[in-house]
Amino acid sequence: MNDEQLLRYSRQIMLPEIDAEGQLRLAEATVLLIGAGGLGSACSIYLAAGGVGHIILVDFDRVDLSNLQRQILFNTADIGRLKVESGADRLRALNPDIKLTLLDRALEQDELLEYAQQADIIIDGSDNFTTRFAVNRASVATRTPLVSAAAIRFEAQISVFNPTDETSPCYNCLYKEGSEVDATCTANGVLAPLLGIAGSIQATEAMKLIMGLGNSLQGRLLLLDVMAMEWHSAILPKDPACPVCG
């Protein structure tokens with residue numbers, strides 16, 4: 001790292017648990033981020049600010065006026081632009097040192113596997129079960145840890161699924177494919193800061209995994225109810241009969 005980078009990341013480097021070694025691990029890491037919506041906005045900003053070296057950003061959508069209430073990666077002038085392109089401008093302005101790979105399309109399973117294989121961490125910021133199940137299958141197949149979150153109305157949930165650990169559940173252990181009911185922000189609404197809280201936790205868990213810090217949310221489901229402003233943590237066991245990871 002040069003002097004400018006040492007200054008940029010100085011408040012992290014001064015933490016003895018991180019130091020220069022941890023910062024270098026971040027710089028050498030690749031994160032596959034699925035979705036540049038409310039979750040992906042907050043998550044990508046903190047990944048870039050924190051010094052993650054390479055972000056593969058996947059989103060096929062364009063910025064809409066209704067996005068701006070919660071998707072802080074964009075501003076009014078970005079309306080109509082591809083999210084990955086306008087988001088990249090914001091992330092590069094924040095940290096010109098990062099490398100960005102921009103994919104403005106939904107990934108088919110083979111392509112998803114290819115990019116998952118390149119990544120150290122997958123972060124799921126999507127808003128539908130079809131994508132979440134596909135991302136989970138890619139995570140298990142490539143043994144790439146997955147940081148997953150969802151938020152709707154006034155509630156959010158976050159967890160980590162780590163296929164490098166045989167005891168870890170996968171997303172399919174939590175929700176059985178075929179039994180889910182899609183509920184999106186578009187159809188049900190969501191409080192704006194809730195996405196920022198959940199997305200920031202995703203970034204935190206990803207950075208901890210990259211640097212080997214602390215205890216992750218593996219095997220736990222972290223639940224937030226902002227109406228009551230209460231956090232809960234539920235044990236999430238591995239399902240031995242799971243068709244994906246069992």
I need the L223 CG to E155 CD distance, nearest 0.5 Å. 8.5 Å

Using side chain to side chain contact (heavy atoms under 4.5 Å, CB included), reason through H54 and T101 one step at a time and then give a plain yes or no. CA-CA 8 Å; H54 182 196; T101 298; 2.8 Å; yes

Just by modelled atom types, is the N162 backbone N or O under 3.5 Å from a matching donor or acceptor in the S168 side chain? yes

Mind jotting down which residue pairs meet the side chain to side chain donor-acceptor pair (under 3.5 Å) criterion with at least one end in residues 33-47? Sequence neighbours excluded, please. none

Do T131 and N128 have side-chain atoms, one donor and one acceptor, less than 3.5 Å apart? yes

Taking only residues two or more places apart in sequence, or in another chain, which ones meet R90 in a salt bridge (charged side-chain N to carboxylate O under 4.0 Å, His left out)? none

Using the salt bridge (Lys or Arg N to Asp or Glu O under 4.0 Å) rule, collect all pairs that involve residues 199-223, keeping only residues at least two apart or in two chains. E205-K208

Kindly compute the distance separating CG (L112) from OG (S139), expressed to the nearest 0.5 Å. 10.0 Å

Nearest heavy atoms of V52 and A29, plus distance in Å: CG1-O, 4.0 Å

Using side-chain heavy atoms (C-beta onward) and a distance below 4.5 Å, is D64 in contact with I79? no

Pairs satisfying salt bridge (Lys or Arg N to Asp or Glu O under 4.0 Å), at least one member in residues 98-121, at least two apart: R105-E111

Check whether any side-chain heavy atom of L174 sits under 4.5 Å from a side-chain heavy atom of S159, and report yes or no. no

Under the side chain to side chain contact (heavy atoms under 4.5 Å, CB included) criterion, do N136 and L146 qualify, and how do the steps go? CA-CA 7 Å; N136 179 67; L146 169 63; 4.1 Å; yes

Run the salt bridge (charged side-chain N to carboxylate O under 4.0 Å, His left out) test against D61 and tell me which residues pass, sequence neighbours left out. K83

Are C242 and C170 side-chain neighbours, meaning at least one heavy-atom pair lies under 4.5 Å? yes

Smallest separation among heavy atoms of C43 and L33, with atom names: SG-CD1, 4.5 Å

Please find the pair of heavy atoms, one from R8 and one from P96, that lie closest to each other, and give the distance. NH2-CD, 3.6 Å

Could you check if a side-chain atom of L195 sits within less than 4.5 angstrom of a side-chain atom of V190, using non-hydrogen atoms only? yes

Are I18 and M211 packed together at the side-chain level, in the sense that at least one heavy-atom pair is separated by less than 4.5 angstrom? yes

Applying salt bridge (Lys or Arg N to Asp or Glu O under 4.0 Å) as the test, list every pair that has at least one member in residues 230-246; sequence neighbours left out. K176-D239

Could you tell me the separation between the CG atom of D78 and the CG atom of L73, rounded to the nearest 0.5 Å? 8.0 Å

Tell me whether Y171 shares a hydrophobic cluster with V244, the cluster being built from Ile, Leu, Val, Met, Phe, Trp, Tyr side chains joined at under 4.5 Å. no

Let me know which of D59, I56, L57 forms a side-chain contact (heavy atoms from CB on, under 4.5 Å) with L102. L57

Hey, any chance L113 and V140 share a hydrophobic cluster, counting ILVMFWY side chains that come within less than 4.5 Å of each other, even indirectly? no

How long is the gap from CG on L107 to CG on L103, to the nearest 0.5 Å? 5.5 Å

Any donor-acceptor pair under 3.5 Å from R11 side chain to L7 backbone: no

Which pair of non-hydrogen atoms, one from L47 and one from A206, has the smallest distance, and what is that distance? CD2-CB, 4.4 Å

Tell me the closest heavy-atom pair linking V58 and V84, and the distance in Å. C-CG1, 4.3 Å

For E85, what residues pass the side chain to side chain contact (heavy atoms under 4.5 Å, CB included) criterion, not counting sequence neighbours? R81, L82

With sequence neighbours left out, write down each residue that passes side chain to side chain contact (heavy atoms under 4.5 Å, CB included) with L94, or none if nothing qualifies. I45, A48, A49

Co-membership, hydrophobic cluster, residues W231 and L39, 4.5 Å side-chain: yes

For atom CE of M14, is the number of surrounding heavy atoms from other residues, nucleotides or ligands below 6.0 Å larger than 12? yes

Checking V63 against L68 for the side chain to side chain contact (heavy atoms under 4.5 Å, CB included) test, could you report, in this order, the C-alpha distance in whole Å, the side-chain angles of both residues, the deciding distance, and whether it holds? CA-CA 8 Å; V63 180; L68 302 182; 4.0 Å; yes

Evaluation steps, side chain to side chain contact (heavy atoms under 4.5 Å, CB included), between Q12 and L26: CA-CA 11 Å; Q12 280 184 175; L26 290 175; 3.8 Å; yes

Can you list, by chain and residue number, the hydrophobic cluster partners of Y9 when the side-chain cut-off is 4.5 Å? M1, L6, I13, L24

Under the side chain to side chain contact (heavy atoms under 4.5 Å, CB included) test, which residues partner N2, sequence neighbours left out? E4, Q5

Dump the intermediate steps for salt bridge (Lys or Arg N to Asp or Glu O under 4.0 Å) on R132 and E177, then the final yes or no. CA-CA 10 Å; R132 291 169 186 157; E177 196 163 358; over 6 Å; no

Within residues 17-36 or reaching into it, pairs that qualify as salt bridge (Lys or Arg N to Asp or Glu O under 4.0 Å) - sequence neighbours excluded: E21-R25

Any residue meeting side chain to side chain contact (heavy atoms under 4.5 Å, CB included) with A27, in chain and number order, not counting sequence neighbours: none

Spacing of T144 atom OG1 and Q118 atom CD [to the nearest 0.5 Å]: 10.5 Å

Using the rule that Ile, Leu, Val, Met, Phe, Trp and Tyr join whenever any side-chain heavy atoms are under 4.5 Å apart, tell me whether I235 and F161 fall into a single cluster. no

R143 CZ to C245 SG distance, which is reported to the nearest 0.5 Å: 11.5 Å

I need the minimum non-hydrogen distance between Q202 and D124, along with the two atoms involved. NE2-O, 2.9 Å

Do R92 and L100 make a side-chain contact, defined as non-hydrogen atoms from C-beta onward lying under 4.5 Å apart? yes

Could you check whether the rings of Y175 and F129 sit parallel, tilted or perpendicular, using 30° and 60° as the cut-offs? perpendicular

